[in-house]
Amino acid sequence: MAKKSQKNSKHIADLINSATVRSITLLAHVDKFAFLGVIDTSKPEPLARADLLEAMPSVKREDITIADQEAVRLLQLLHFRTEEMLEHAFREIEFENHPEIGTFEKTADAMTRLIWLRVKAQRIFDQIETIYLTHHFHGHKKFLGFTVRDGDGRDFVWTPEVAEKLHEGVGEILGLDDESKKSCEVIHFEMDDGDETGKRRLHYLVVYHPGKMKLLRQMKDRRRDLFLFTPALEATLVYDPAENKVHVLSDKQNTAKRLADQFAAIGFEKPLSKQPVDAVNYELSMFKKAVDLKSAKATGAVILDGWISSLSVTLGHTRHSITLALNGNDNVWGVSDQHFGERNPLSSCRSVLEAKLSFVIRFDGEEENRALDITIGQRGSCNLLTFPDPRMRRCGEDILTSLGVRTRVEPAKVGADLALFRAEMKLLDLAVDEVDGHLLMALDLPVTDLVTKGLLKKKTPGEYITLPVDGDDDQQGFRRLKVNFNSANTWAQDELTGERYELSEGDLCRYTVDKSYLRERLDQVLRQQLVDVPLTVDEQEPYVLGNYRMGDQRLPVALVSRLWEAKHADKMDTELRQSSLGLTIVLTTTPGLSRRYLGPGIVVSLDTLVQEVNGQVSIDLSRVDGEVRRRQNAAIVTDVPRLIKDDARSGVLVGPWSDPWTLTKRNGSTWSRSS
């Protein structure tokens, strides 16, 4: 009966059994543990603990429940780098010259020291608990990753100045009032991570303030069990120098981005990179046919069984869908064939919308089997990210990776592949930030390679495809065609030419192009040849990348794209004329130039400058020197005015005046001086 009466007090019973009688007496000074004060200290410790456990059924249920929850906070710290935590705590109480530091026994057992902190130094106990929880949730979906731009893996240096600036910045970003700012702390804590073969040093910047507290519960052995008592963690940062990455724990992506920006600016005086961090892709098309889930592998676990419990697919080429859900561990394709025969919707579907996979696993060293259910959606969603248990989360990731369902995005190394660089320039030269598979194939771009290397982000299928067309003056343009479908086909028809395009699932898929990331990669290729590089990038074209040193001159270098579009080219021409840059080297992503000059700038296609040197992409700006000198020599003051035509619409008039005049010809008639 005693065991049954303590079914809701498992953790408090574990705490009593793991603490000394003296420590239990001290813990009784905390209101939530006041009932522990009845322990008889005159008896031998084993007997005193046994008597206390027998007396627990007489304590009010609500008091036991609260104490049981609080006991978890102490017990969980016994299983995670306890000595490191306690050393950090002692440094803090020593720094603060705690009035009762003399009663802290550094040689006592861990639980005794934890209880002392819980009773005598509540704030510092909260600190180390927060550090523990930060490490526990590192890798959870609420930890968003960022990379420091141009980072060199330098170590982070914690100084009073950095601490003060971060404290002020965090308070502003979180919108804390004056009282909350005073209670807010930014705790710096260094911790080794990884095994002996790949150990690295992490910097934790744990932001703790009296925010919302919440209690998490998990399902264990088919019943709800207390999991963790979680303090406010919505602004914690983890910096990994080896990977040059910053992770931020936050409910809101915008808040996480602002915090990471603040950290990079204060800690390194550098902005954040646009590089995708911790991004993964999920491929569901493989579930159009049978997949042997039992062949999956996971480190530290055995896969005992695996089956598809639910599969949602489109019906043929229509937008209709069907979901086949099983109650047992039958083969979903066998059930489908049995009931539908030749009209099996699974084998004739166009796309898989959602797959629910069920596994029975057993971790090494354990005897009990565990159920692991994974749901993957077409839009890249996966419930693994919400798992509170890190072991289950890692096991699920290993399973999906071994099956080929889950692939981690590995950002391409800048300048390592000439073909990839040319593909990046084609993406930069597009007029839109979202493209479809049909256009990418028409441009001969390697879609799969660009997705796996983080240069494209896959989205759901769209209702239009984009068609490249040749316009006037051999200028390229694009048109959109609406997608049509019936039960047997998907197609798009060009109403101007009457041509019909039969479409596959890949044609319809949309992809996001992060042009700011592509420009950043180009900037890194050029960085060694430029000086006076701006700290912040321009928001609109033309993007000033820096200055090119040519002899005793410093020529501005600007980047523009889409010169195949006349309207945009005219806009760039006006922008450069109105700028105070003077003679400029204008790099463009558009191959096959139709304009040699924009404003006072010489236009050079990147396609003509790029080359491969010793296996690395190189852009040699010195090849522009000759063109610059010819332009400058032609513009030397002469007694007789002379018009130097750049193209059919623009030119330079030189004569007996100090600077050459830039002229524009409009409406095919007269030349006028540009402002």
[X] side chain vs [Y] backbone, donor-acceptor pair below 3.5 Å:
X      : Y      : answer
Asn244 : Val148 : yes
Arg149 : Leu272 : no
Ser336 : Val332 : no
Arg113 : Ala108 : yes
His29  : Leu26  : yes
Ser321 : Val313 : no

Carboxylate-amine/guanidinium proximity below 4.0 Å for [X] and [Y]:
X      : Y      : result
Lys457 : Asp514 : no
Glu94  : Arg91  : no
Glu397 : Arg406 : yes
Arg118 : Glu70  : yes

*Take Phe33 and Ile66 through the test side chain to side chain contact (heavy atoms under 4.5 Å, CB included) and record every step on the way to the result.*
CA-CA 9 Å; Phe33 294 102; Ile66 293 173; over 6 Å; no

*asked:* The test is side chain to side chain contact (heavy atoms under 4.5 Å, CB included); show your working for Phe156 and His188 and say whether it passes.
replied: CA-CA 10 Å; Phe156 174 71; His188 176 243; 4.0 Å; yes

*asked:* With side chain to side chain contact (heavy atoms under 4.5 Å, CB included) as the criterion, how do Tyr282 and Cys382 come out once you've worked through the C-alpha distance, each side chain's angles and the decisive distance to 0.1 Å?
replied: CA-CA 9 Å; Tyr282 296 97; Cys382 182; 3.5 Å; yes

Does atom [atom1] of [X] have more than 12 heavy-atom neighbours, drawn from other residues, nucleotides or ligands, at distances under 6.0 Å?
X      : atom1 : value
Asp31  : CG    : no
Glu366 : CD    : yes
Asp292 : CG    : yes
Gln253 : CD    : no
Glu62  : CD    : yes
Lys181 : NZ    : yes
Glu164 : CD    : no

Heavy-atom side-chain proximity of [X] to [Y] below 4.5 angstrom:
X      : Y      : value
Ile64  : Phe35  : yes
Met56  : Leu53  : yes
Ile303 : Val360 : no
Val280 : Val409 : no
Phe359 : Leu293 : yes
Ile93  : Ile124 : yes
Val238 : His203 : no
Val352 : Leu346 : no

Can you tell me how far apart [atom1] ([X]) and [atom2] ([Y]) are? Round to the nearest 0.5 Å.
X      : Y      : atom1 : atom2 : answer
Leu27  : Leu15  : CG    : CG    : 6.0 Å
Ile374 : Ile376 : CD1   : CD1   : 6.5 Å
Leu259 : Lys257 : CG    : NZ    : 11.0 Å
Met111 : Leu77  : CE    : CG    : 8.5 Å
Ile115 : Thr20  : CD1   : OG1   : 6.5 Å
Trp116 : Thr103 : CH2   : OG1   : 5.0 Å

*Decide salt bridge (charged side-chain N to carboxylate O under 4.0 Å, His left out) for Asp68 and Lys10; before the verdict, give the C-alpha distance in whole Å, the side-chain angles of both, and the deciding distance to 0.1 Å.*
CA-CA 7 Å; Asp68 198 62; Lys10 175 183 179 296; over 6 Å; no

*asked:* Going by side chain to side chain donor-acceptor pair (under 3.5 Å), name the residues that satisfy it together with Lys120, two or more places apart in sequence or in a different chain.
replied: Glu100

Testing the basics here: between [X] and [Y], what is the closest heavy-atom pair and its distance to 0.1 Å?
X      : Y      : answer
Ala48  : Asp40  : CB-O, 3.4 Å
Ala296 : Ile399 : CB-CG2, 3.7 Å
Met286 : Val291 : O-CG2, 3.5 Å
Ile128 : Met85  : CG2-O, 3.7 Å
Ala163 : Trp158 : CB-CZ2, 3.3 Å
Ala355 : Leu311 : CB-CD1, 3.7 Å

*salt bridge (charged side-chain N to carboxylate O under 4.0 Å, His left out) between Asp51 and Lys43: does it pass, once the steps are laid out?*
CA-CA 10 Å; Asp51 289 346; Lys43 294 182 179 180; 2.5 Å; yes

Donor-acceptor side-chain pairing of [X] and [Y] below 3.5 angstrom:
X      : Y      : result
Ser312 : Thr323 : yes
Thr112 : Asp109 : yes
Glu283 : Ser285 : yes
Asp373 : Ser358 : yes

*Is NZ or CZ of Arg391 both nearer than 6.0 Å to the six-membered ring centre of Phe363 and within 45° of the ring axis?*
yes

*Could Lys245 and Tyr239 be counted as a cation-pi pair, given that NZ or CZ must be under 6.0 Å from the ring centre and within 45° of the axis?*
no

*Under the side chain to side chain contact (heavy atoms under 4.5 Å, CB included) rule, what do Lys356 and Ile308 come out as? Steps first, then yes or no, please.*
CA-CA 6 Å; Lys356 295 183 180 180; Ile308 294 180; over 6 Å; no

_Within the 6.0 Å centroid threshold, strictly below: Phe263 and Phe268_ = yes

*Evaluation steps, salt bridge (charged side-chain N to carboxylate O under 4.0 Å, His left out), between Glu105 and Arg22*: CA-CA 13 Å; Glu105 301 178 38; Arg22 183 181 171 188; 3.1 Å; yes

